[in-house]
Amino acid sequence: MYLVRPVDFADLPALERLAQQAGIGITNFPANRERLNDKIASSRRSFQTDVVQPGDESYLFVLVDTSNDQIIGCCGIDAMVGVDTPFYSYRIDEVVHASPQLQIHNRVPALFLCHDYSGTSRLIALVVDKAHQNTVAMSLLSRARLLFIARYPERFTARLFAELRGESDKHGYSSFWDALGKHFFSMDFKKADYLSGVSNKNFIAELMPRYPIYVPTLPEAAQDAIGVIHEDSDQSADILLNEGFEFRGYVDIFDAGPSIEARTESLRTIAQQKMDKALSLTDKAKGPMHLISAGHLEHFRVTAAHAEPQVAGLAIEKATQERLGISSGHRIQWVAL
Amino acid sequence: MYLVRPVDFADLPALERLAQQAGIGITNFPANRERLNDKIASSRRSFQTDVVQPGDESYLFVLVDTSNDQIIGCCGIDAMVGVDTPFYSYRIDEVVHASPQLQIHNRVPALFLCHDYSGTSRLIALVVDKAHQNTVAMSLLSRARLLFIARYPERFTARLFAELRGESDKHGYSSFWDALGKHFFSMDFKKADYLSGVSNKNFIAELMPRYPIYVPTLPEAAQDAIGVIHEDSDQSADILLNEGFEFRGYVDIFDAGPSIEARTESLRTIAQQKMDKALSLTDKAKGPMHLISAGHLEHFRVTAAHAEPQVAGLAIEKATQERLGISSGHRIQWVAL
Amino acid sequence: MMVIRPICQNDLKSLYRLAEKTGVGFTSLVSDEAILQKKIDGAVRSFNKENVTAPHNEDYLMVLEDTTTGDIVGTCGILATVGLDEPFYSYHLGTITHASRELGVHNAVPTLILNNDFTGFSEICTLFLEEDYRHSKNGQLLSKARFMFMAQFPERFTEKVFAEMRGVSNEDGVSPLWESLGRHFFSIDFKEADELTSQGNKQFIAELMPNNPVYVNLLPKEARDVLGQVHKNTVPARRLLEQEGFRYENYVDIFDGGPSLEARVQDIRAVRDSRLCLANIGQPKGVSANLNEGNYYLVSNAKVADFRCILIQRSIPPGSAMTLTQEEADSLCITNKEPVRIVELSPYSRH
Amino acid sequence: MMVIRPICQNDLKSLYRLAEKTGVGFTSLVSDEAILQKKIDGAVRSFNKENVTAPHNEDYLMVLEDTTTGDIVGTCGILATVGLDEPFYSYHLGTITHASRELGVHNAVPTLILNNDFTGFSEICTLFLEEDYRHSKNGQLLSKARFMFMAQFPERFTEKVFAEMRGVSNEDGVSPLWESLGRHFFSIDFKEADELTSQGNKQFIAELMPNNPVYVNLLPKEARDVLGQVHKNTVPARRLLEQEGFRYENYVDIFDGGPSLEARVQDIRAVRDSRLCLANIGQPKGVSANLNEGNYYLVSNAKVADFRCILIQRSIPPGSAMTLTQEEADSLCITNKEPVRIVELSPYSRH
C-alpha cells in the first residue's frame, strides 16, 4: 500500500535516485545532493514552524511503498514563490495592430516577461518511480498536497499554480529554448535548467530578454512548443486539470511549458474534503477508494484505501488506521479518490 | 410618469438640448445636430435590422415624461465597439522592478494603451434633465437597457462595459489631459473630446503615445484623477455598480475616467428579470415599484410602476398597461426597481 | 558638355522617360505624370525662393543635361527637411547588454528600435543616371553637384544630412529582412508596402509595426546579414558617399534594412574643401586633349535659381582665380569675374 | 616642467591625495586605497602589455607630474573598452513622430531610450587637475595628451571613442533629471545610485530602470532643460573636446542627463594633424623668454610603457625635424634622433 508523509533526512539517497530519473525540465528538483539536502532541511523547518501567513516555506512529501518501506515518489508545495527573487513567467498576450485605411487587423501574439505568479503558492515536482505510475499512486501523491492545503489554508495563498514540464527530448533538447533562451543565456537548456534549480535566480533577471518576443518571428518548431506539455507529464497534468486547474496563458521562460492555476478553494479535492472521526470496520471495506489523511503538520500522513462514509465519520480498516498511526475516534480528513 | 422607448427622428431637437446640457466629457453624445441625426438614423436601422450576432449596431433610447410628452433623458447601447477602428483604453498595470541585491522591490503602476474592450458591448451616454434626476427616472433609464439586452441577448456580447465620465471642471479643464493627452494631441480637452465624438477615431491611433506611461512620472494632480468619477456621474455610476459592474483597471485615454465591466448574464437586472403575462388590477397597485417592459424591438417600451407579482404573471394598473401599449394577457418583462 | 541645373517646367516629358527606366524599388521617381508634375512644381518653387534662412519643405530636384543633344539623362535631389508632413521612420540598431557576473556570461544583444530620429533633417535623394551615360564620371558629377549647392547655401539645409541606401533584395524583389520581420506585421507584400511609403502614406507603419525593440539575434541569419548592407548595385554609390565623409551610424531602413549614411554638411569633403574664386574667361592652361591627363574639378556658380555645376579637367591646379573657357562659362551661366565655387572631384589628387 | 606619464606603483599616495580633492560626483576617483591600488595595478598592467592588436580591458591611467617638485597634480585616462565586464548604460534621445494629416497635427516627441550602445567602445575619462595648477594650459595638456597616445597606438582603441560629461546638478548635488525620473524607480538617492555605478555595480540599473522609452515631453521643464547639458564647471572641458571634433550625438547619462561626446579617433583634430618627426637635441630657434610669444605644441614620444607628453612653445613652426632642449628630451625620455609626435595644441594657430 501507499503512504504519503513529509520528507526526512533519511530520504536523501532515495530523493537523489528519483531526481536522476526525473530528467531534465523539472527545475525545482535538481539531481544535486547538497541542494536536495537543503531542500529537505527547508521542508523540515517549514513543517515545524508556526506560520500565520505564507512566506518562503517549502513543503516536501514522499510517497512510500509500505510493503517494503521504499521511497517511490516525491512532490511538494512552495508556500509562496518570488519572495527573495521575482518569479518569472512569460504571459502570452495578443498585440493588436490595425490599419483601418488598409483594412488590416492583425492580432500578433507576443510573450511578455512578467512576475505575475510572484506571491502565489506553487505545486512542485511530482516524480514517481516508473513502476508505480498507476492512477492510485499518482493521484494520492498529487492530491495529498491539496488535502494538506485544505488543512492549513493559512499557510498558502488563495491562488495556486503549477508548472507543467514543457517539450524537450531525452537529450534535453528543447526547440523553444534553442530559438529563444539560448541566445540570451549562452548555455544549453540542460545547464540553464540545472542552474535555475540550484542557484539563486538573479541570473534570470540579468540575462532574460526584457522586451516582448513576437511569436510569429520565432521558428515554427519553437512556436509549436509554446504551451505544450511534455508527454511524460500528461498523467500528472490530467490529475490537476481534473481538479479544476486552468491554463491562463502563462508559460515557462525556458521550455514554454504551460503553467496552470486555480483558486485554491474551488479545487475539487479541497472543496469536497471532509473532516470527521475515524470509525472502525471489522471486515474488509466495501466502499470506494478514498484518500485519507491524519496527523498534524510533520506527522501528516495520507494514504489511499477503500472506506465507507457513514453519518458519524469514515469507516476504515484497522490496517488503514495503523498506516496512518491512528485509532478509532481520531479525527481524519478524507475525499473520494 | 416615465416611459423609455427607442429614439425617433422627431426627438432631434430634444436630443440636441440634452447634449448641450450634458457638457464636456460625454464623448459619445456630441452636441452636433448632424451627428445626432446620424445617431438617430443608425439607431433606427439597428432596431429594424435582423441581427444574429452583434456588429456595429447602436441602440438609442429616450426617457419621456408622459405628463407632457417631453423628452427628458437619453441613453444607449453600442452592440460592439472597435468594429471599424480599434477602441482604445488605458490599462493600469503594475510593472515590477526588483533588485534583490539592493533589497528593493518596486511596483510601479503604468498606463498601457490597449484595445481590450474592442469587440465588447458598451452602455453609452446616460443623460437626464436636471429636474428629473431622481432615483426612479435614473434607474428606469439606465436599467431599461439591461432589460433590452436580456430580451435580445443575441444582439450583444457576453461581456458589457460602460465608461464613466472622468474628472474635469465646468470649463472642460482636466488635469489628466493637461498632463498627458495635451502633449500628444496639441489641442485642449474640449476639442479632443468633441473630435472623438464626431470624427472617425483614426486620429487617436495617429497621435496617442505608443509606449506605457509610468504613473509616478505624472504630476500629482493628474495621478489623483486616474480612475476618479466626475461628481455629476456619481448617481449613474452607483446604479451600474449596484448591478454588479466592476472596475478592472481600465480608464479613459482622455480624462482617465474609469471603465467598469461585467459578465452580461450576472448583472442583477438581467439575472432577476422575468417574462410572463400582464395581469390586470382594478384598483391602485399596492406592490413595490417595478420596471416593466413590453413590445418588440422598435416598439420596445419600459416604464416604472407599482405592481403585484402573482403566480400567473405581474398584476399592473390599467394606466401602466396603456403606457406600454398592451392589455391584459400580453407578455411583459419585469424586474423589481 | 554635361551640365547640372535645376529642373524646369519643360522637363516633364524627359523626367517621365527617366522615371520609366528606374524600375522597381526606386520609389522616389514613379512614372505617373501627375506625381511628377507635382514634383517639378515643388522644385521650381523651391529654387525660386529667395532669402531662405532656414530649411523648410523645399525639394531641390536637379537634372543632368547633355547640352550637345539637349537630353535630360539623370536626376539628383535634396530635400530640405523630411518627416515634417508625414512621419519618417527608421530602425536604429542599438545594443542591449545582458550580463551575469556570477555565471560569467556577457551578451551584447543588438536590437532594432523603431524611431523617427531623422525628423527635420535634410536628405539627399533621387539619384538616377541613364545607363548609356554611366561613364566619364557623370555619376560623380551628378551626386556631388549637390554638395556644391549645399556648400554655397548651407542656410537652406540642416547641420546634418543623410542618404538612404537601397538594401539587399534578390532578383525577384524579395528582401530577407522583410520576410523575417515586416511580413509578420503587415498583411501586404514588400512591394506594396514600399509603394505606399513612397507615396507619402506612412500612417500604416505606426499602426502595424511593433513598438517594442526587436531582438536581432532572434532573426534568421539571412535577415541579420543584410542589416546595414546595400544592394550590390548600390555598392559604388555607397563608397562614393563614404569617401566624402558620410558614415553609417546604425540607422537602417525598416523594410529592407538598407543603411542610412549621414554627415555634418561642414564635414563633407566636397563642402569643406570647396572654395570660391573669381572666374576669368579665356584660354586656360593645363587643358589637354588627352583625357587621361589632369585632375577633375567640380565647378559651380553661386546662384540659386540659375544654379549650374559642371566637371572640368586641368593638369595645373587652379589658383585663387579660375580660368574657364567661354563654353564652360556659358554652361555655368556666368560672365567674366563672376564668382565660382570649385573643388577637386574626389579626395584623391588624381583618378 | 610639466610631464604626462603613465601612473606607477609609487603614485598611490599622490593619487589618494588627488582623489580626496575631487569631491562628490567624481565617481571614477574615490578616496579608497584598495580601489585606487587596484586601479594602479590595472594601469601598470595595461601600459606593460606589448603587441596589443585590439582593445580589450586595458585602463590607461596617466598622471601629470610637476618635475620641479615631483608632485602629481592631475590625472587623465583612457579605457580601451567599456561595458564588457559590467553593462554600460545610457539614454539615447530619440524622436517619435505622431502626426494626423486629417487634423493637421504633427508632433515630433523626443524620447529617452535605455541602451547599451557604447558597449565595447573606448572611453576617455578620469580627467582631474588640482586647483592650484589650473593655469598655463595644464588642463589642455592633460586632456589632449590622451589623443597623442591614441594617435600613436590606434590599434589599442576602438574606431570611435567617447567621453561622458558631468550633467547639471545644484550645489546640494540635486539633479533635476534624477528627481523627475530616476527617483521614481529607485528607492535610493542620486548620490547612492551614482556611487554604486562607479563601483562597477550596475546590475541594479537593469533591474530597476524602466525598459520602455520615456516621453520627454511629459517630464517637468527643469528636467527637460538639462538633457544634454553639462554642469557649469564642465563647460570648458566640453568646449575643449568639441574643438577637437567631439560631437554630442544625443546620448545622455541615465542619472543626470549629462551628454556623452563622441568622435572617430581618426577625426580628432589632434590625432589627424599630429605627425611623427625625428628629435634633434640642441638649442631650438623660436624659443622666447616672453611667454606670450610663439605657438604651443604638444610633443610626445612613441613609447607605450614609457609614454611621455609635454607642452612646448615655439615662435617658429617646427619642420620635418624637431629641435628640443636637453631638458625637454629628458622629460620625454628620448635621446637624439628618436621619433617624437607633435601637434599644435589647439586648432587655432595662436592662443
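Please read these numbers as outputs of a predicted model, since none were measured by experiment. The chains referred to below are lettered A, B, ... by the order of the sequence lines, with proteins before strands, and numbering in each begins at 1.
Every side chain to side chain contact (heavy atoms under 4.5 Å, CB included) that Ala110(B) has, sequence neighbours left out, goes to Val95(B), Phe112(B), Pro212(B), Tyr214(B). Legend: residues meeting side chain to side chain donor-acceptor pair (under 3.5 Å) with Tyr16(D), ordered by chain and number and at least two apart, are absent.
The closest side-chain heavy-atom distance from Ile213(B) to Leu218(D) is below 4.5 Å.
Atom OH of Tyr215(D) and atom OG1 of Thr217(B) lie 11.5 Å apart (nearest 0.5 Å). Expressed to the nearest 0.5 Å, how far OG1 of Thr97(D) lies from CG of Leu207(B) amounts to 11.5 Å.
For Lys49(D), the NZ atom counts as densely surrounded, since its 6.0 Å shell holds more than 12 non-hydrogen atoms of other residues, nucleotides or ligands. Shown here is Arg17(B), whose CZ atom has more than 12 heavy atoms of other residues, nucleotides or ligands within 6.0 Å.
Scanning all heavy atoms of the two residues, the minimum distance from Asn107(D) to Phe184(B) falls at ND2-O, 2.7 Å. For the residue pair His184(D) and Val108(B), the shortest heavy atom distance occurs at O-CG2, 4.2 Å.
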